Amino acid sequence: MPASPPPRRHLRLALRSDRGRVRADNQDAVAADAAAGALVLADGVGGGPAGAVASRIVVDSVLNRLRPPPAADSAAAAEARLRQALEQANADVLLAAADPRRDGMASTVVAALVHPQGLSLAWAGDSRAYLIVDATARRLTEDHSAVAGSADRSRRGPLLRALGIRGPLRFDLVSLPLPAGATLLLCSDGLTDLLDDALIGLTVHACGADLDAAAEQLVAVANAGGGRDNISVILAA
Ligand SMILES: [Mn+2]
């Protein structure tokens, strides 16, 4: 007899999206659904308000696709759903960009699905996911930017992958186990430009089981460091 899958875990969530201290508006967007185990974060780019339009389309489109209960609980099924969700969101951004005021808008995306086999992730661009165990933050994603690792996006060069860019859609997909007691973090580059991985781990760990406090504290530390960009975080445990 096949082993029955482990029970679906009950997710606790905390979401924050902050304008920061320099930018005139917030072009990041965050959304999550605890029952579906779905989290999505997007960082829009584009002239004027278009970046904010793009990131909002992305989070709404992806979450809509991830909300219905899955036909299967496997990691492969989760990856297939993430792939379809990103393809749909990409199409939605391109369609909305047909409006000349929104020409050239695009958005990063990082989306996570928590399922009985663990965690599946899909991303395009330089928004990141981390798994935090004790005070150690392990980076799960690789930035898609011309000079990964530079201190801010203007110096890193253009995003190599994003939703809404013309041409073939490219993104990464990965599945991994989700250890008991681990905290998942999705975040935009406004956080990671100002906090290194070690400080992210320590900051979350210092707040214990209080995810809201941890999300608040991550944003506060980034703002204390200058808040040069919009700062967004989603924590799940
Ligand atoms: Mn950003």
Side-chain angles (χ1 to χ4, degrees), residues 14-32 39-63 86 89-90 93 96-97 102 104-112 121-130 137 139-165 170-172 184-197 199-200 203-204 215-235:
L15 294 79
R16 292 287 187 286
S17 188
D18 190 89
R19 186 169 56 83
R21 299 176 65 186
V22 173
R23 298 288 174 91
D25 60 353
N26 187 355
Q27 305 204 338
D28 289 355
V30 293
L39 293 68
V40 54
L41 180 148
D43 178 350
V45 294
V53 174
S55 62
R56 177 46 55 187
I57 290 171
V58 167
V59 297
D60 288 348
S61 180
V62 170
L63 198 61
L86 264 61
N90 185 58
V93 174
R102 296 173 180 171
M105 73 177 180
S107 179
T108 74
V109 65
V110 56
L121 276 175
W123 76 98
D126 59 3
S127 298
R128 292 183 187 171
Y130 288 85
R139 204 185 296 183
L140 305 178
T141 51
E142 239 174 74
D143 297 345
H144 302 139
S145 49
V147 190
S150 176
D152 75 52
R153 187 183 285 163
S154 57
R155 269 174 276 151
R156 282 196 301 268
L159 290 172
L160 297 181
R161 299 182 191 183
L163 302 188
I165 291 178
R170 294 171 70 206
F171 55 87
D172 280 326
L184 176 64
L185 167 68
L186 306 187
C187 57
S188 62
D189 65 336
L191 182 79
T192 54
D193 283 348
L194 291 165
L195 282 74
D196 64 17
D197 297 0
L199 184 53
I200 288 172
T203 303
V204 172
E216 200 69 51
Q217 189 61 22
L218 288 170
V219 170
V221 173
N223 272 324
R228 294 191 300 266
D229 192 5
N230 309 141
I231 306 147
S232 297
V233 299
I234 304 178
L235 288 165

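Keep in mind it's a predicted model, so treat the numbers as computed, not measured. All ligand and atom numbering here is 1-based and tracks the order in the structure. Index from 1, following the sequence.
With sequence neighbours excluded, the residues forming a side chain to side chain contact (heavy atoms under 4.5 Å, CB included) with L195 are L191, L199, I200, T203, L218, V221, A222, listed by chain and number. Partners of D60 under the salt bridge (Lys or Arg N to Asp or Glu O under 4.0 Å) rule, at least two apart in sequence or in another chain, are R56.
In summary, no N, O or S atom of D126 is located under 2.8 Å from the Mn ion (ligand 1). The Mn ion (ligand 1) has an N, O or S atom of D229 under 2.8 Å away, backbone or side chain.
In this structure, a donor-acceptor pair under 3.5 Å is absent between the side chains of D126 and S145.
For D189, the N/O/S atom at the shortest distance from the Mn ion (ligand 1) is named OD1. Of all N/O/S atoms in D43, OD2 sits nearest the Mn ion (ligand 1).
Note: N223 CG to R19 CZ = 9.0 Å, rounded to the nearest 0.5 Å.
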